[in-house]
Undergrad: 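To start, I am sharing the structure in question, which I have written as structure tokens.
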Amino acid sequence: MHGMINKSIEDLVTIKFGADKWIAVKKKAGVEVEAFISNESYPDQMTYGLVGAATEVLGLTVDQVLYAFGEFWVVHTASRGYGDLLKSAGRTLGEFLDYLPLFHTRVALIFPNLQPPRFECSDRHEDRITMHYYSHRPGLSMVVVGMLNGVAQIYNTPATVTQTKFKDKGADHDEFLVVWSAAVST
Amino acid sequence: MLNRGQFATLFPFHFVLDGNMRVVDCGSVLLRICPELIVGSNIADHFTLFRLGDAPAKLLSREWVLQQQATLFIFKSRSSELILRLQLVILDDPERFLFLGSPWVRNATELKSLQLVLRDFALHDSTGDLLQLVESTNTSLRDATQLATRLEVRNAELKQLIDSANAPILIIDSAGKVADWNKTTERLTGFRINEVIGKQFIDTFVVTESQDDVRRLLLDTFAGRSGGNMEFLMHTRDQRKLLAIFSASPKLSIDGSVAGTILVGQDITELGEYRTQLEKRVADRTEQLALANEELSRVMRSKDDFVSAMSHELRTPLNAILGLSESLAEGVYGNLNEKQVKSITTIAESGHHLLSLINDLLDIAKIGAGKMELEWLATNVDDACQASLRFVAELAAKRKLTLQLEIDAEAHTITVDQRRLKQMLVNLLANAVKFTPEGGTVTLSTKADMSSDVVAFSVRDTGIGIAPEDLHRLFSPFTQLDSKLSRQYAGTGLGLTLVLKLAELHGGSVLVESELGSGSCFTIKLPWKNYSSSNSDGDARGEGSPVEASAAAGELANSPLILVADDNEINMMTVGDYLVAHGFRLSQAGNGLDAINLVREQSPDLVLMDIQMPIMDGLQAIKHLRAESKYDDVPIIALTSRAMVGDRERCLEAGANEYLSKPVNLKQLLSVIHSQLDARRSK
């Protein structure tokens with residue numbers, strides 16, 4: 001898993017709940033990494049362990065943690081690391097989402113070991129788009145929901161994200177419908 | 001061939017110049033960010049050429065441009081930060097020069113300042129890839145810087161922790177040299193870290209006698225094994241010695257290989273000194289204790305000897321008193337008048353009282369010394385109770401008391417020392433009889449408690465009772481609760497003490513319930529060791545039914561010859577007179593050696609052998625006789641006043657057929673003599 005993901009979990013817990021909670025989460029997950037490097041690859045199990053420990057330490061459900069993490073990742077962590085680059089991916093929420101597949105393709109080129117997820121777009125409209133999410137990592141669809149909402153926030157565009165297909169219910173991939181206010185986005 | 005639209009999409013930053021270097025065409029994105037690049041304007045008015053000397057002037061020269069087909073053109077905007085990296089394409093039309101390329105941007109900030117987005121670039125353009133790579137790398141660099149800062153902080157914390165630990169901590173490298181040690185080690189040894197780094201640890205700092213052990217410890221850890229704990233002495237700057245106990249563990253390098261040893265210790269110098277002092281004190285104390293033990297053993301032996309001697313000294317004259325009283329009462333020395341009989345009865349009663357006192361004292365002394373050994377036997381409860389009642393039956397009848405026995409059929413058998421059980425019951429019964437006024441009732445009852453596996457023996461009376469405030473003194477030795485009572489009722493004051501001690505020796509207890517004026521109930525609770533069926537081999541009738549003396553002596557000449565060996569003339573006379581009175585012939589010896597000689601000379605039918613005699617004691621004499629086969633079947637009855645644990649066994653082991661303790665009950669002696677003679681005859 002991309003180190004930035006673990007780093008984002010750390011930031012989320014530290015900023016929103018306190019440094020002592022992060023120490024507790026790491027201890028509970030049995031993670032001894034002093035600090036994560038964003039573009040290093042870490043075992044997926046470590047990330048799942050951190051999420052699981054966070055649910056116990058913070059008293060949240062897994063979905064709550066995953067959603068919060070996805071949103072936080074975009075709004076804080078990625079914006080800090082890739083802030084201008086993210087914004088340069090498009091002038092509007094729609095443009096950004098349309099650019100998202102290319103962004104992940106480049107990640108896969110730059111970091112061949114990371115195995116990032118693949119996105120596809122379809123049904124592009126002025127106020128909506130359908131995002132298709134393909135990943136070999138199970139159980140992370142709520143992260144995507146949080147991320148998409150986070151992207152809407154950094155573009156100051158109120159949006160609703162609805163998952164329309166579920167891989168864990170038998171679909172071949174997860175699918176999300178993002179609808180926003182065209183007046184704001186354009 | 002590309003149409004114009006396709007070309008514009010693929011090359012959004014292109015422009016075309018004519019032979020005079022004037023703009024003929026321009027890509028849409030380029031025109032958006034550089035709107036002054038209008039058709040017909042001279043390119044040199046908008047851009048300069050980077051790193052091409054006086055190129056701006058030359059750029060006007062068509063001939064020069066034609067020669068630069070292999071050159072990367074870097075156009076710098078005169079009005080903004082825009083830099084274009086372009087490649088010249090010579091078209092078929094010699095008056096047209098096509099420049100293809102895109103802006104040079106090194107990061108997203110520059111991209112933003114040029115009002116560009118990634119979508120402005122053609123997909124084949126690697127600018128987007130480059131920017132993402134750069135941003136990723138920058139992010140990693142920031143993370144690494146942050147990590148380095150964190151590690152520095154952590155390192156400082158760790159160093160502070162190690163230095164503030166009140167324990168010597170050392171790192172020895174794989175060459176056995178000191179690589180580091182903490183402030184505590186500096187303080188304890190007096191050597192500063194800068195003085196010791198690089199010095200051989202063992203040779204420089206470890207005392208000679210510990211060097212081999214420490215070398216093995218380091219080798220173990222170099223081999224990746226945890227070396228465990230080791231105590232050794234280190235040199236200090238001021239020539240003292242530091243005694244510390246160290247635990248050793250391998251120090252791993254970043255690639256996982258062993259780079260040295262970490263020693264974490266504890267200063268036990270003071271502890272060592274204290275230990276030495278303590279060992280000396282322990283040794284001194286042990287020596288003192290050994291001496292004290294020896295003295296105690298000597299005192300204990302003296303006490304035993306004293307008790308034994310006192311027993312002997314008291315019983316010997318008592319033997320004479322009781323024996324002669326008995327003989328006198330039976331008219332062995334002629335008929336007595338009524339007054340004489342009354343006097344001799346009083347003498348006998350007093351003697352018996354004294355004997356009880358001695359016996360009780362001896363028993364208590366034995367229990368106190370842990371020398372009383374119980375003979376555990378499955379005992380018939382009913383028989384034991386009946387026998388105990390018989391002991392007090394005569395006295396109860398005299399006092400017109402009713403004796404009752406209530407047996408719980410469940411408690412048929414109990415495993416106890418039956419003699420001691422009867423001793424306890426007789427004590428309680430005698431007390432009850434003694435303290436119950438005429439016409440009263442004394443009841444002995446048993447009760448089985450299946451749940452706690454206990455049998456309770458209760459002696460209940462309708463006597464004078466005991467005040468509650470006196471109950472706690474009841475089991476103290478020599479206690480009779482009212483001094484008037486001690487005059488009114490005979491007793492040693494040891495009975496209840498003995499009962500309690502015997503019960504406890506059985507693992508049991510004694511309870512008392514009493515009401516002043518209404519009577520008392522004493523209950524002995526003994527562990528049952530339950531037997532499902534009666535397998536009692538106890539003889540509960542033996543003591544309560546002494547064999548009657550036989551006065552039927554035969555003709556003197558044919559009567560059995562008894563050799564009495566005793567150094568005490570009174571005893572000799574007492575027993576001798578009694579035996580002669582009952583028709584035996586008598587032979588007498590004053591010591592063991594005389595006894596052997598007389599046996600050889602006279603071949604007596606039975607020998608009564610006192611044990612404590614001068615010249616040769618009874619045990620030696622018995623052994624000598626038994627060594628001669630012709631005297632194998634001569635019954636020998638051992639008599640001793642010692643009555644100590646093991647006496648009986650020693651006598652029987654030496655070869656005696658029977659053992660009796662002085663003072664001897666003469667009727668009992670007579671019974672034993674008869675049974676031994678009968679047994680010999682029946683062989």
Side-chain angles (χ1 to χ4, degrees), chain A residues 2-8 10-11 14 19 22-23 26 32-42 73 76-114 116 121 124 154-155, chain B residues 9 12 28-29 32-33 81-82 102-159 161 252 254 256:
Chain A
H2 197 282
M4 186 173 280
I5 306 296
N6 295 341
K7 195 172 177 60
S8 178
E10 175 181 352
D11 287 347
T14 304
W22 170 242
I23 291 169
K26 271 213 306 182
E32 293 182 349
V33 176
E34 181 64 38
F36 297 106
I37 304 292
S38 295
N39 295 312
E40 282 293 311
S41 176
Y42 294 89
W73 188 84
H76 288 88
T77 312
S79 295
R80 196 174 57 196
Y82 294 93
D84 287 339
L85 191 67
L86 278 183
K87 294 292 287 243
S88 71
R91 292 184 185 81
T92 63
L93 173 61
E95 281 185 8
F96 179 90
L97 295 177
D98 196 32
Y99 184 77
L100 205 52
L102 177 58
F103 187 87
H104 282 83
T105 301
R106 287 203 173 110
V107 171
L109 275 174
I110 297 169
F111 306 109
N113 294 329
L114 290 183
C121 301
R124 295 174 181 83
I154 64 173
Y155 279 94
Chain B
T9 302
S28 60
V29 177
R32 195 188 79 224
I33 62 173
E81 296 298 316
L82 176 66
S102 58
W104 169 251
V105 282
R106 291 169 298 177
N107 54 51
T109 307
E110 288 181 5
L111 188 73
K112 188 180 177 186
S113 73
L114 293 173
Q115 296 181 317
L116 287 171
V117 294
L118 292 173
R119 294 169 64 87
D120 290 329
F121 292 80
L123 288 178
H124 65 81
D125 192 328
S126 62
T127 301
D129 305 332
L130 178 69
L131 284 178
Q132 201 158 325
L133 178 63
V134 168
E135 290 300 329
S136 297
T137 307
N138 286 343
T139 303
S140 291
L141 282 174
R142 277 196 299 274
D143 292 343
T145 305
Q146 192 182 34
L147 177 60
T149 307
R150 276 200 207 185
L151 289 177
E152 275 177 23
V153 171
R154 182 55 58 91
N155 203 26
E157 286 173 356
L158 205 58
K159 181 161 173 42
L161 189 71
L252 302 179
I254 200 161

Undergrad: Going by atom types alone, do B/S102 and B/D125 pair a side-chain donor with an acceptor below 3.5 Å?
TA: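 B/D125 and B/S102 do have a side-chain donor-acceptor pair below 3.5 Å.
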Undergrad: Can you see whether B/R142 engages B/T139 through a side-chain donor-acceptor pair at a distance of less than 3.5 angstrom?
TA: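 The answer is yes; a qualifying pair exists.
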Undergrad: Top residue by heavy-atom pair count (under 4.5 Å) with chain B, among A/L86, A/I110, A/T105?
TA: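 Winner by heavy-atom pair count: A/I110.
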Undergrad: Tell me, for B/E110 versus chain A, whether the close heavy atoms (under 4.5 Å) come from the side chain, the backbone, both or neither.
TA: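 When you check distances to chain A, no heavy atom of B/E110 falls under 4.5 Å.
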Undergrad: In chain order, what residues pass the ring pair (Phe, Tyr, Trp, His ring centres under 6.0 Å) check against A/Y42, with sequence neighbours excluded?
TA: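 With sequence neighbours excluded, A/Y42 shows a ring pair (Phe, Tyr, Trp, His ring centres under 6.0 Å) to A/F36, given in chain and number order.
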Undergrad: Does NZ or CZ of A/K87 lie under 6.0 Å from the centre of the six-membered ring of A/F96, at an angle within 45° of the ring axis?
TA: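 Because its charged atom misses either the 6.0 Å distance or the 45° angle limit, A/K87 does not stack over A/F96.
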Undergrad: What part of A/E95 is in contact with chain B, defined as an atom under 4.5 angstrom from a non-hydrogen atom: side chain, backbone, both or neither?
TA: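 The answer is both parts of A/E95.
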Undergrad: Under a 4.5 Å heavy-atom cut-off, does chain A meet the side chain of B/D120, its backbone, both or neither?
TA: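 B/D120 touches chain A through side-chain heavy atoms alone.
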Undergrad: Please look at B/L133 and chain A and tell me whether the side chain, the backbone, both or neither of the residue comes under 4.5 angstrom of a heavy atom of that chain.
TA: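 Backbone plus side chain of B/L133, per the 4.5 Å heavy-atom cut-off to chain A.
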Undergrad: Run the side-chain hydrogen bond (donor to acceptor under 3.5 Å, both in side chains) test against B/K112 and tell me which residues pass, sequence neighbours left out.
TA: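 Applying side-chain hydrogen bond (donor to acceptor under 3.5 Å, both in side chains) to B/K112 gives none.
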